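Scope of the values below: all heavy atoms of this structure, side chains included, with no hydrogens, waters or symmetry mates. Quick caveat: nothing in here was measured; it's all calculated off a predicted structure.
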Amino acid sequence: MTADITASRRHRRRSRSRPAPSGPCCGAERRSITVSVRPRSGRVPVPAEPGWRERMAGMFAQYEERARTCGGVSHGCLRSVIVKLVVQVKLEPTPQQAPALEATLHACNEAATWVSEIAFERGEFKNFALRKHVYDAVKSRWNLGAQAAQHSIKKVCDAYTTLKANLRAGNLGRPGSRRYCKAAQKPIAFRPQGAQPYDDRMLSWQIPDRTVSIWTTSGRVKNVAFTVSPEQLATLALYRKGESDLLERDGMWFLNATCEVPEAPLNTDPVDFLGIDLGIVNIATTSDGEIMAGRELNRTRLRERGLRTKLQRKNTPSAKRRLKKRRRKEARRARDINHKIAKHVVAEAERTGRGIALEDLTGIRERVRLRKPQRATHSSWSFAQLGSFIGYKARRAGVPVVHVDPAYTSRTCAECGHIDKANRVSQAWFACRSCGFVDHADRNGSRNIRARAWELWRRGGPVNGPRPTPSTSDWGWTQTQHHRQ
């Protein structure tokens, strides 16, 4: 009885906070409905709240009504907008230009650290309110221009906004834990080589000459050469807009330039979906039976992990130099492989006129408990990065992406729908105890993902690409997403 009352109150609170859409779907609020049933046994329990089937049927009826209002296309209200990409440009400053850039970064980040201490002490994290207390001091004490001082203050406010979101989402542990308290009980500090935003008043591009003119604390530094690929140069010339970030990494200088690339029109009538099963042993397995094995990447991760352990135990100056030289190597390799897989998957879906179906694996690291030898492997699984790469590449190509509930996709038979834990014979093989169907386990899971995505699409479920207009956005993309072409 208590569970029924609690569930009913929770449903009423949701109904008050999110009114049901009315009228044509263009301009109306888009709503996401996800039914997640995770029983501990093989049997699916009946929810405690009465009348849930009727409510779900009513919600799906609303989606179908909105589809008819928009001319029979349930997802056609998403207009073609832009994808924010970041083109990374490598600067090649002369020995006379590099010290000015370095002094500027150090001054801006030192000022940002001081502003962070003032903001933490006063409890003031709003941009314009904080600017009243620190703006004049930042300009005079560190010899910063007006734009640089404002960007340093705004960088502090954005950092605290991100920290607050991570604390609220539980990404830094539970309230009261050691990690939570360490992050929340002291002001944010900025590294001397941390990125500093530049706008068009502080930075001008001479793209035909491949040079930039950039503001520093020593004055304007002109004719700073940069190198970039021809494709990235064309993207800069056509679509660069907004801020660029100056940063130093391992003695090299980079500018991360924001580009707003138009999206392709969304394919509102896909013939089918390409299901993608994400994993560790096999990075991605498609419903067509194509397997992107992770053997090479996993071996590289294991080798790098062992080498790091050996060098850290040695702890000599030469070992530290080698550790510094090899850092980020594993991450760069994994990033490159994820880019290649995402590019291949999106190209295949675009060629065949299909959408892409992915699992919603949000929170999987908190839900599972692993033995100690498996924790490092599971923590280095970059499923979120691969999903984000597929998402933005699909938006550029106009391919719809649907995220489905991954519950029991590995235990469900793709032929007869029988759910049993014993169906998963091993990591690689699936054998249904009901109909005798035998298949590769990951391919069977990808077929279940494809079927769920098709059913969700048919009912008018949410799409993850292309991104809708800001007035109807469910994702709230307010920050630049760092992607490459």
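Under the 3.5 Å distance criterion, with hydrogens and angles disregarded, a donor-acceptor pair is assigned to the side chains of Asn338 and Ser382. Side-chain contact annotation: Glu260 with Thr258, donor-acceptor N/O pair under 3.5 Å absent. Between the side chains of Ser213 and Arg220, at least one donor-acceptor pair of N or O atoms lies under 3.5 Å.
Residues Arg328 and Asp250 come closest through the heavy atom pair NH1-OD2, 3.0 Å. Taking both residues in full, the closest heavy atoms of Ala98 and Pro93 are given as N-CB, 4.0 Å, listed atom of the first, atom of the second, then distance. Contact record, Val83 with Arg396: CG2-CG, 3.9 Å, taken as the closest heavy-atom pair. Here the closest heavy-atom approach between residue Ile283 and residue Leu297 is recorded as CD1-CD2, 3.9 Å. Between Val221 and Val224, the shortest heavy-atom distance links the atoms CG1-CG2, 3.6 Å.
With Lys155 as the partner, the side-chain contact (heavy atoms from CB on, under 4.5 Å) test is satisfied by one option alone out of Val115, Asp245, Asn109, Ile188: Asn109. Between Glu330 and the options Arg305, Arg303, Arg308, a salt bridge (Lys or Arg N to Asp or Glu O under 4.0 Å) holds for only Arg308.
Taking a cutoff of 4.0 Å between a charged side-chain nitrogen and a carboxylate oxygen, Lys340 and Asp336 qualify as a salt bridge. Ion pairing of Asp360 with Arg452 is absent here, as no side-chain N (NZ or NE/NH1/NH2) approaches a carboxylate O to less than 4.0 Å. A salt bridge does not link Lys154 with Glu243: none of the charged nitrogens is closer than 4.0 Å to a carboxylate oxygen.
Of the possible polar contacts, one joining the Gln97 side chain to the Lys222 backbone as a donor-acceptor pair under 3.5 Å is found. Under the 3.5 Å distance criterion, the side-chain polar atoms of Tyr135 are left unmatched by any main-chain donor or acceptor of Ile153. Remark: the backbone N or O of Lys126 is not paired with any side-chain donor or acceptor of Arg131 at under 3.5 angstrom. Judged purely by atom type and a 3.5 angstrom limit, Asp136 has no side-chain atom pairing as donor or acceptor with the backbone of Lys139. Listed for the Glu359 side chain is a donor-acceptor partner under 3.5 Å among the backbone atoms of Leu278. The closest donor-acceptor contact from the side chain of Asn298 to the backbone of Ile280 lies under 3.5 Å. A donor-acceptor contact shorter than 3.5 Å is absent between the side chain of Arg333 and the backbone of Thr300. Counting only distance, with no hydrogens or angles, the side chain of Ser388 and the backbone of Gln385 share a donor-acceptor pair below 3.5 Å. Remark: side-chain polar atoms of Thr104 are paired, donor with acceptor, to backbone N or O of Thr217 under 3.5 angstrom.
In this structure, Glu248 CD and Glu102 CD are separated by 5.0 Å, a value rounded to the nearest 0.5 Å.
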**Worked check of side chain to side chain contact (heavy atoms under 4.5 Å, CB included) between Phe389 and Lys343** = CA-CA 8 Å; Phe389 289 171; Lys343 184 177 181 180; over 6 Å; no
**Request:** Could you please spell out the steps behind the side chain to side chain contact (heavy atoms under 4.5 Å, CB included) verdict for Trp205 and Ser244?
**Result:** CA-CA 11 Å; Trp205 296 77; Ser244 303; 3.7 Å; yes
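Applying the ring-ring contact (aromatic ring centres under 6.0 Å, His included) rule to Phe125 yields the partners Tyr160; only residues at least two apart in sequence or on another chain are considered.
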